[in-house]
There are 2 protein chains.
Amino acid sequence: MRWRSVGNTDCSVARTLSVIGERWTMLILRECFLGRRRFDEFQRNTGIARNILATRLRALVDDGILQRAPAEADRARVEYRLTKMGIDLYPVMIAMMQWGDAWLCDENGPPLSVMHRTCGAHATPRMTCPSCGAQVGARDMLAIPRHREPAPRRAASRRASR
Amino acid sequence: MRWRSVGNTDCSVARTLSVIGERWTMLILRECFLGRRRFDEFQRNTGIARNILATRLRALVDDGILQRAPAEADRARVEYRLTKMGIDLYPVMIAMMQWGDAWLCDENGPPLSVMHRTCGAHATPRMTCPSCGAQVGARDMLAIPRHREPAPRRAASRRASR
DNA sequence: CGGTATCCCATTTGATACTG
DNA sequence: CAGTATCAAATGGGATACCG
């Protein structure tokens, strides 16, 4: 199977990867979550080549994750801002950060910590069950495939590849 | 900057990506979380080329995410099983799944749902503040960089690149 | 500042065939 | 079953220069 077609498979992980799975994409989004909005900030802070950055930004805008607009402060400048769809990627980001903090840190410890503004707690969010509130891990959850939809007469149409 | 060196930057997201950021890696791990353990299962269910799969599996074992061992049932067979380090990637996986469910589904809805074994709830986990229990999003959290460690006399040693 | 245009090299990929 | 071996093709870097 070609990588191009994984975005069309019936799996949300695969589809997500087809959008944010490219090499530098999550690092650009890291910058966005840290409040950066401009081309040159992205370039300097990530170290990505300018042409690649341009390509990625275009893709992120096309996919609805970033919005490109002139800055209010200085209309001559351009800003990239997270859309709702982009902001919703925060759990992915923070989960990656936590895993790196837990397993890949050097002796200096985590490079970044987070604080919950509304309660003041200095602690990283966790995955919890919305019903009982317990923290959950892989072993606590059971995956249940969607039951087969009524088979159509012919092959179902598929989204075009990105 | 070369991609190879992002694993050495002082950012847990970047380091995590240097380990699980390669194209097919998370899809292999998806299979692991679904209980698959064998080379051919991985190959069939992901559609990855066999040689690439072999390379990825070797990297995952080297990185401590999977463990390779003969199957207990049939010692002639080989099994790949998640280590603790691998199991800890569940939040990353589930966060990706949820985002795909929310933003990339077709009319059939999410391909997979999950159930919390211990309380029976059919609901996907969320990111919550461990202190106050509220669900958190990007806007609720403030990022705080680690204060600079006492500068060493010479450049600090860095992990070797993968 | 926010990009394009070019050019070239390195890496990844994927198909296929083969093996113990 | 669980891989290797090979090899061609595609893609993705990355450096550099240029532009409005």
Side-chain angles (χ1 to χ4, degrees), chain A residues 1-9 14 17-28 31-32 35-62 66-81 161-162, chain B residues 1-9 14 17-28 31-32 35-62 66-81 161-162:
Chain A
M1 184 199 277
R2 297 296 170 62
W3 179 255
R4 322 255 313 280
S5 56
V6 300
N8 300 331
T9 59
L17 286 169
S18 77
V19 177
I20 60 161
E22 222 124 14
R23 271 205 166 72
W24 298 94
T25 302
M26 284 304 290
L27 294 188
I28 297 171
E31 293 303 307
C32 295
R36 279 79 186 241
R37 300 176 181 174
R38 299 213 324 278
F39 189 93
D40 267 29
E41 292 179 301
F42 297 147
Q43 204 277 318
R44 270 199 312 278
N45 294 326
T46 61
I48 189 174
R50 304 173 69 78
N51 49 354
I52 313 283
L53 175 57
T55 305
R56 293 286 168 275
L57 286 173
R58 207 173 310 126
L60 286 167
V61 170
D62 287 349
L66 295 180
Q67 203 170 8
R68 182 186 191 276
E72 320 89 22
D74 176 357
R75 311 283 299 175
R77 289 189 171 183
V78 175
E79 274 186 358
Y80 293 89
R81 310 188 58 163
S161 170
R162 292 179 7 101
Chain B
M1 184 200 276
R2 296 291 168 62
W3 179 255
R4 322 253 314 279
S5 56
V6 300
N8 299 332
T9 59
L17 286 169
S18 78
V19 177
I20 61 162
E22 222 125 14
R23 265 192 170 55
W24 298 94
T25 302
M26 284 304 289
L27 294 189
I28 297 171
E31 293 304 306
C32 295
R36 278 81 186 238
R37 298 175 182 176
R38 298 213 324 278
F39 188 94
D40 266 28
E41 293 179 300
F42 297 148
Q43 203 277 318
R44 270 198 312 279
N45 294 326
T46 62
I48 189 175
R50 304 175 69 78
N51 50 352
I52 314 282
L53 175 57
T55 306
R56 292 288 167 276
L57 286 173
R58 206 172 310 127
L60 285 167
V61 170
D62 287 350
L66 295 181
Q67 203 172 7
R68 182 186 190 277
E72 319 88 24
D74 175 357
R75 310 284 301 176
R77 288 189 173 182
V78 175
E79 275 186 357
Y80 292 90
R81 311 187 59 163
S161 170
R162 292 182 7 102

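Letters A, B, ... mirror the listed sequences (proteins, then strands); counts begin at 1. Scope of the values below: all heavy atoms of this structure, side chains included, with no hydrogens, waters or symmetry mates.
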May I have the distance from Trp24(A) (atom CH2) to dT11(C) (atom C1'), rounded to whole angstrom? 14 Å
Taking five pairs at each terminus, the helix from dC1(C)-dG20(D) to dG20(C)-dC1(D) shows an axis bend, to 10°, of 50°
d(CG, Leu53(B); C1', dC1(D)) in whole Å: 13 Å
How many angstroms lie between atom CG of Asn45(B) and atom CD1 of Ile28(B), to the nearest 0.5 angstrom? 11.5 Å
Any N/O donor-acceptor pair, Asn51(A) side-chain to dG3(C) base, under 3.5 Å: no
What is the distance from atom CZ of Arg56(B) to atom CD1 of Ile20(B), rounded to the nearest 0.5 Å? 13.0 Å
For Thr9(A) and Ser5(A), indicate whether the former's side chain and the latter's backbone hold a donor-acceptor pair under 3.5 Å. no
Taking the side chain from Glu31(A) and the backbone from Arg37(A), do they hold a donor-acceptor pair closer than 3.5 Å? no
Once you round it to whole Å, what is the distance between P of dC1(D) and CZ of Phe42(B)? 14 Å
Atom-pair distance (CG on Asn45(B); P on dC1(D)), nearest Å: 13 Å
Tyr80(B) side chain N/O closer than 4.0 Å to the phosphate oxygens (OP1, OP2) of dG3(D)? yes
Below 4.0 angstrom from OP1 or OP2 of dG3(C), is there any side-chain N or O of Arg56(A)? no
Output the rounded distance in Å from CZ (Phe39(B)) to C1' (dA2(D)). 6 Å
Under 3.5 Å: donor-acceptor pair, side chain of Gln43(B), backbone of Ile48(B): yes
Rounded to whole Å, please give me the gap between CG in Leu60(B) and P in dG3(D). 13 Å
Any donor-acceptor pair under 3.5 Å between the side chain of Arg50(B) and the base of dA2(D)? yes
Is the phosphate of dA2(D), meaning OP1 or OP2, less than 4.0 Å from a side-chain N or O of Arg58(B)? no
Roughly how many Å is it from CD in Glu22(A) to C1' in dT11(C), rounded to a whole number? 14 Å
Please check the phosphate of dT12(C) (OP1 and OP2 only) for any side-chain N or O of Arg23(A) closer than 4.0 Å. yes
Reported CG-to-CZ distance for the pair Leu66(A) and Phe42(A), which is rounded to 0.5 angstrom: 6.5 Å
Length of the CD1-C1' vector between Ile48(B) and dG3(D), whole Å: 13 Å
Under-4.0 Å side-chain N/O to phosphate OP1/OP2 contact, Arg37(A) with dC1(C): no
Are any of Trp3(B)'s side-chain N or O atoms less than 4.0 Å away from OP1 or OP2 of dT11(C)? no
Do the side chain of Arg38(A) and the base of dG2(C) come within less than 3.5 angstrom through a donor-acceptor pair of N or O atoms? no
Of Val78(A) and Arg2(A), the one whose nearest nucleotide on DNA chain C sits closer to the 5' end is Val78(A)
Nearest to the side chain of Ile52(B), which nucleotide is it out of dG3(D), dG14(C), dC1(D)? dG14(C)
Anything under 3.5 Å between a donor and an acceptor, one on a side chain of residues 67-78 of chain A, the other on a protein residue two or more places apart or in another chain? List them.
unit_1, atom_1, unit_2, atom_2, d
Arg68(A), NE, Tyr80(A), OH, 3.3
Glu72(A), OE2, Arg81(A), NH1, 3.0
Asp74(A), OD1, Ala76(A), N, 3.0

To the closest 0.5 Å, what do you measure between CG (Leu27(A)) and CG (Leu53(A))? 11.5 Å
